[in-house]
Amino acid sequence: MNKSTICENLEKLREAGPLVTSITNYVVTNSTANALLAIGASPIMTHAVEEVEELMAFSGALVINLGTVARTYAEAMPVAWAAANKNNVPVVLDPVGAGATKLRTELPVGMLKEYRPAIIRGNASEIMTLAGQSGSAKGVDSTQGAESAEEAARDLAKTHGCTVVVSGETDIVTDGERLVRIGGGSPLMPRVTGLGCTCTALCGAFCAVADSAFDAAVSAMTVMAVCGKRAANSSDGPGTLQLHIYDELYNLGISTLEAEMEVSED
């Protein structure tokens, strides 16, 4: 992937300010909405089944995050996803905790049999579970490194004709054929809840403007890695890291992004 495409996609996102509809968990609703605002997108958060079809008529992307699988969320997700597919709105799936419980595994597997994703983003355990392997999840955390899920990610991408992102110390993005590795970030980032969910939200924002889901995923994960690393350098701990990430997303310049991105393609 041409690195200039990542910079161009950030410029396109800020110019377009796309509306991103998110059915996400109550733990991260506020933080992911703020991250979307900081990068230049327009968030709307909902789990009301009564309005999700209407929203898909004018949204730039739909983010489905399974961090909260209470009945009202679970009812709204397939309705929204069906409407998104009907209106050609790209859908980003975050299968939070897949493999941890029967419900968190069967819900995304079942929806993937019915609807088309543009991007699936998760940790190694979640991606391995969706690919039919043993992911050995520890709650919503992974017990595996991203590299251990590489083949599972390729298989999952081919099965569903989508792009798959595996978050880790080095992030992996694949469409089943191409594979990009993204470095950066910080070991402090897993100490803040919902930064993986923030990556998913950014994937949605970039999906609304990029030429392909693969380009969108690489762009989103690169921006997050650069901002996470820069935020950690000026933070005293997890609390200030969260705040600094918003500032870095808002202030990230194209020259900084170009100079500090750590992207390589196999």
Side-chain angles (χ1 to χ4, degrees), residues 1-14 35-36 38-40 92 94 119-124 126-127 142 144-154 157 163-192 194-207 209-235 238 240-242 244-266:
M1 178 180 175
N2 191 328
K3 293 181 179 179
S4 65
T5 301
I6 299 170
C7 298
E8 292 167 3
N9 283 338
L10 178 58
E11 291 179 318
K12 288 163 68 175
L13 192 161
R14 286 171 169 165
L36 286 168
I39 198 63
V92 182
D94 189 334
I119 298 173
I120 302 171
R121 192 219 63 83
N123 61 38
E126 292 161 351
I127 296 303
S142 180
Q144 311 283 335
E147 69 284 352
S148 64
E150 184 174 317
E151 287 308 310
R154 287 186 187 272
T163 292
V164 172
V165 179
V166 188
S167 295
E169 186 174 342
T170 297
D171 299 321
I172 292 171
V173 179
T174 181
D175 60 3
E177 300 297 333
R178 296 174 292 174
L179 189 142
V180 166
R181 301 180 196 278
I182 301 164
S186 165
L188 190 59
M189 294 174 74
R191 296 292 181 179
V192 179
L195 288 188
C197 301
T198 299
C199 292
T200 304
L202 295 185
C203 284
F206 278 96
C207 246
V209 299
D211 291 338
S212 71
F214 183 80
D215 287 355
V218 173
S219 300
M221 298 306 293
T222 301
V223 164
M224 192 64 182
V226 169
C227 290
K229 184 176 182 178
R230 292 176 62 83
N233 289 338
S234 54
S235 300
T240 48
L241 176 66
Q242 177 92 69
H244 285 303
I245 283 179
Y246 295 145
D247 292 345
E248 293 294 342
L249 288 171
Y250 178 76
N251 290 313
L252 181 63
I254 297 301
S255 59
T256 299
L257 175 60
E258 191 168 26
E260 299 187 14
M261 68 172 68
E262 301 175 29
V263 179
S264 61
E265 186 165 1
D266 286 4

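By convention here, the first residue in the shown sequence is residue 1.
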Measuring only between side-chain heavy atoms, which start at C-beta, is [X] closer than 4.5 Å to [Y]?
X      : Y      : answer
Pro190 : Leu195 : no
Met224 : Thr198 : yes
Met221 : Ser167 : yes
Asp211 : Thr5   : no
Thr222 : Asp171 : no
Val165 : Cys199 : no

Testing the basics here: between [X] and [Y], what is the closest heavy-atom pair and its distance to 0.1 Å?
X      : Y      : answer
Gly183 : Thr170 : N-CG2, 4.5 Å
Ala216 : Cys203 : CB-O, 4.4 Å
Arg14  : Tyr250 : NH2-O, 3.6 Å
Ile245 : Cys227 : CG1-O, 4.4 Å
Val166 : Asn123 : CG1-C, 4.1 Å
Gly184 : Glu262 : N-OE1, 3.4 Å

Neighbour count above 12 (heavy atom, 6.0 Å) for [X] [atom1]:
X      : atom1 : value
Lys229 : NZ    : no
Glu169 : CD    : no
Glu258 : CD    : no

What distance do [X] atom [atom1] and [Y] atom [atom2] have between them, rounded to the nearest 0.5 Å?
X      : Y      : atom1 : atom2 : result
Ile6   : Glu11  : CD1   : CD    : 12.5 Å
Tyr246 : Leu36  : OH    : CG    : 10.0 Å
Ser234 : Asp247 : OG    : CG    : 8.5 Å
Thr174 : Ile127 : OG1   : CD1   : 11.0 Å
Ile254 : Leu10  : CD1   : CG    : 4.5 Å
Asn9   : Ser4   : CG    : OG    : 9.5 Å

TODO: Tell me yes or no: between the side chains of Thr200 and Arg121, is some donor less than 3.5 Å from an acceptor?
DONE: yes

Query raised in the report: Would Glu147 and Arg181 pass as an ion pair if we require N to O under 4.0 Å?
Result: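 No salt bridge links Glu147 with Arg181.
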
side-chain contact (heavy atoms from CB on, under 4.5 Å) with Thr163: of Val180, Ile120, Val173, only one passes, and it is Val173

Would you find a donor on one side and an acceptor on the other, under 3.5 Å apart, between the side chain of Ser219 and the backbone of Asp215?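 Looks like yes, one N/O pair under 3.5 Å.
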
